Amino acid sequence: MPRMYIEIKPLVIEMKGPLALNTGFRRGLIHRTVERDAEGLVYIPASSLKGRVRHACEQVARKFGLRVCHAPRPAGMCSAHTPKPCLVCRVFGTPGRGSELRWQDARLVKEYRDILAGDEARRQAQFYVRTQVQLSRRLGTATPDRLFTSEFALENLRFESAITGWLDVTPIAGEDATGGYELLLLLAGLRLVHTLGSGSSRGAGHCAIHLPEQVIVGMKPVQVAGILDNFDLLGEFTREMENGD
């Protein structure tokens with residue numbers, strides 16, 4: 001399979017409300033705190049973004065009837081020894097054979113960084129706390145004695161990330177200039193992501209990911225719209241793999 005350099009940037013994430021991307025650690029009376037970078041600014045870790053996009057790509061692949069392994073359990077995933085890994089694993093990597101695509105942490109765009117990084121008071125103004133109650137799914141009511149506090153980042157923030165690196169591509173209809181089925185699936189998955197973090201049922205985490213007009217494929221710019229025009233051909237991936245043997 002051809003191996004091509006891929007560059008997707010800038011990748012702009014626009015939040016439609018607050019962001020609750022929790023660290024898993026508490027601070028003082030706050031049970032669920034938000035991720036902060038070294039400057040004290042909210043950010044979206046590359047691992048969180050990659051995991052959410054992988055899930056979206058799995059949904060797209062299943063829509064077309066493609067085989068999808070059972071991530072994130074290693075025992076149910078393709079491995080470094082799998083002769084024909086599923087299309088999702090070809091993009092995101094497998095246990096023992098990681099992807100050569102590099103995902104950048106999503107940082108606040110410059111206009112927000114300039115405003116919020118000025119002093120400690122501005123940095124703290126990025127966040128606010130809500131007191132919430134745990135709900136019993138079985139009873140459909142509040143669970144007694146289960147109050148907790150969650151930290152949220154401000155509404156409507158914008159972040160910027162990038163995906164760069166190398167990708168083994170399976171040409172679509174014999175043409176590899178558009179990055180093949182692998183890049184097509186990745187771009188479709190990015191378009192499908194509408195939530196990040198937790199609390200979506202409470203109105204948090206809703207977002208839109210804006211793709212650039214062009215991406216770099218094999219050191220050449222290619223229109224994203226032209227790649228996505230091949231969306232209906234994703235179902236042909238299995239046949240192309242078989243013909244490539």
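Note that the structure is predicted; figures quoted are calculated from it, not measured.
Taking all atoms of both residues into account, the shortest heavy-atom contact from Thr195 to Arg52 is O-NE, 3.3 Å. Between Leu228 and Arg191, the closest heavy-atom pair is CD1-NH1, 3.0 Å. Summarising the geometry of Arg54 relative to Cys69, their closest heavy-atom pair is NH2-SG, 3.9 Å, with the distance given to 0.1 Å. Met77 and Pro95 get closest at one heavy-atom pair: CE-CD, 3.8 Å. Pairing each heavy atom of Ala56 with each of Val193, the nearest pair is CB-CG2, 3.9 Å. Between Pro171 and Tyr181, the closest heavy-atom pair is O-CE1, 3.5 Å.
No side-chain heavy atom of Asp168 sits less than 4.5 Å from a side-chain heavy atom of Glu182. The closest side-chain heavy-atom distance from Ser79 to Arg97 is not below 4.5 Å. The shortest distance between side-chain heavy atoms of Thr94 and Thr82 does not fall below 4.5 Å. Val169 has its side chain out of reach of Thr178: every pair of non-hydrogen atoms, C-beta onward, lies at least 4.5 Å apart. At a threshold of 4.5 Å between non-hydrogen side-chain atoms, the residues Arg102 and Ile163 do not count as touching. A 4.5 Å side-chain heavy-atom check between Arg90 and Phe237 finds at least one atom pair inside the cut-off.
Ion pairing between a basic and an acidic side chain is recognised when a charged N comes within 4.0 Å of a carboxylate O; Lys16 and Glu155 show no such pairing. Note on Asp37 versus Arg113: salt bridge recorded, some NZ/NE/NH1/NH2 to OD/OE distance being below 4.0 Å.
Remark: aromatic rings of Phe231 and Phe64 are close, center separation under 6.0 Å.
Arg122 contributes atom CZ, which lies 8.5 Å from atom CG of Leu116 (distance to the nearest 0.5 angstrom). Rounding to the nearest 0.5 angstrom, the gap separating the CD atom in Gln126 from the CG atom in Leu108 is 6.5 Å. Rounding to the nearest 0.5 angstrom, the gap separating the CD atom in Glu160 from the CD atom in Glu14 is 13.0 Å. Rounded to the nearest 0.5 angstrom, Phe159 CZ and Asp105 CG are separated by 11.5 Å. Rounding to the nearest 0.5 Å gives a distance of 7.0 Å between CG of Leu49 and CG of Leu190. Atom CG of Leu41 is separated from atom CD1 of Ile115 by 11.5 Å, given to the nearest 0.5 angstrom.
For the pair Glu7 (side chain) and Val217 (backbone), a donor-acceptor distance under 3.5 Å is absent. In this structure, Ser161 contributes its side chain and Leu11 its backbone to no donor-acceptor pair below 3.5 Å.
Hydrophobic clustering, with ILVMFWY side chains joined whenever heavy atoms are under 4.5 angstrom apart, groups Met4 together with Leu185. Taking hydrophobic clusters as Ile, Leu, Val, Met, Phe, Trp and Tyr residues chained together by side-chain heavy-atom distances below 4.5 Å, Phe127 shares a cluster with Leu196. Residues Ile209 and Tyr43 are members of separate hydrophobic clusters, defined by side-chain heavy-atom contacts under 4.5 angstrom among Ile, Leu, Val, Met, Phe, Trp and Tyr. Note: the hydrophobic cluster containing Ile216 does not contain Leu101 (ILVMFWY, side chain heavy atoms under 4.5 Å, direct or indirect links). Following chains of ILVMFWY side-chain contacts shorter than 4.5 Å, one can reach Leu187 starting from Leu233, so the two form part of one hydrophobic cluster.
Applying side-chain contact (heavy atoms from CB on, under 4.5 Å) to Glu58 and the options Leu87, Leu66, Val68 leaves one that passes, Val68.
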In sequence, state the C-alpha distance, the side-chain angles, and the governing distance for Leu183 and Val222, and then conclude on side chain to side chain contact (heavy atoms under 4.5 Å, CB included).
CA-CA 11 Å; Leu183 181 57; Val222 178; over 6 Å; no
Please evaluate residues Trp166 and Ile6 with respect to the criterion side chain to side chain contact (heavy atoms under 4.5 Å, CB included), reporting the C-alpha separation (whole Å), side-chain torsions for both, the decisive distance (0.1 Å), and the verdict.
CA-CA 6 Å; Trp166 295 87; Ile6 303 295; over 6 Å; no
Step by step, would you call Trp103 with Thr164 a side chain to side chain contact (heavy atoms under 4.5 Å, CB included)?
CA-CA 7 Å; Trp103 295 64; Thr164 60; over 6 Å; no
Can you check side chain to side chain contact (heavy atoms under 4.5 Å, CB included) on Val12 and Leu211, steps first, answer last?
CA-CA 7 Å; Val12 178; Leu211 301 174; over 6 Å; no
Decide salt bridge (Lys or Arg N to Asp or Glu O under 4.0 Å) for Glu100 and Arg3; before the verdict, give the C-alpha distance in whole Å, the side-chain angles of both, and the deciding distance to 0.1 Å.
CA-CA 10 Å; Glu100 291 188 70; Arg3 184 169 177 268; 2.5 Å; yes
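Residue Lys9 places its NZ atom among 12 or fewer non-hydrogen atoms of other residues, nucleotides or ligands, all under 6.0 Å distant. Atom CD of Glu120 has more than 12 heavy atoms from other residues, nucleotides or ligands within 6.0 Å.
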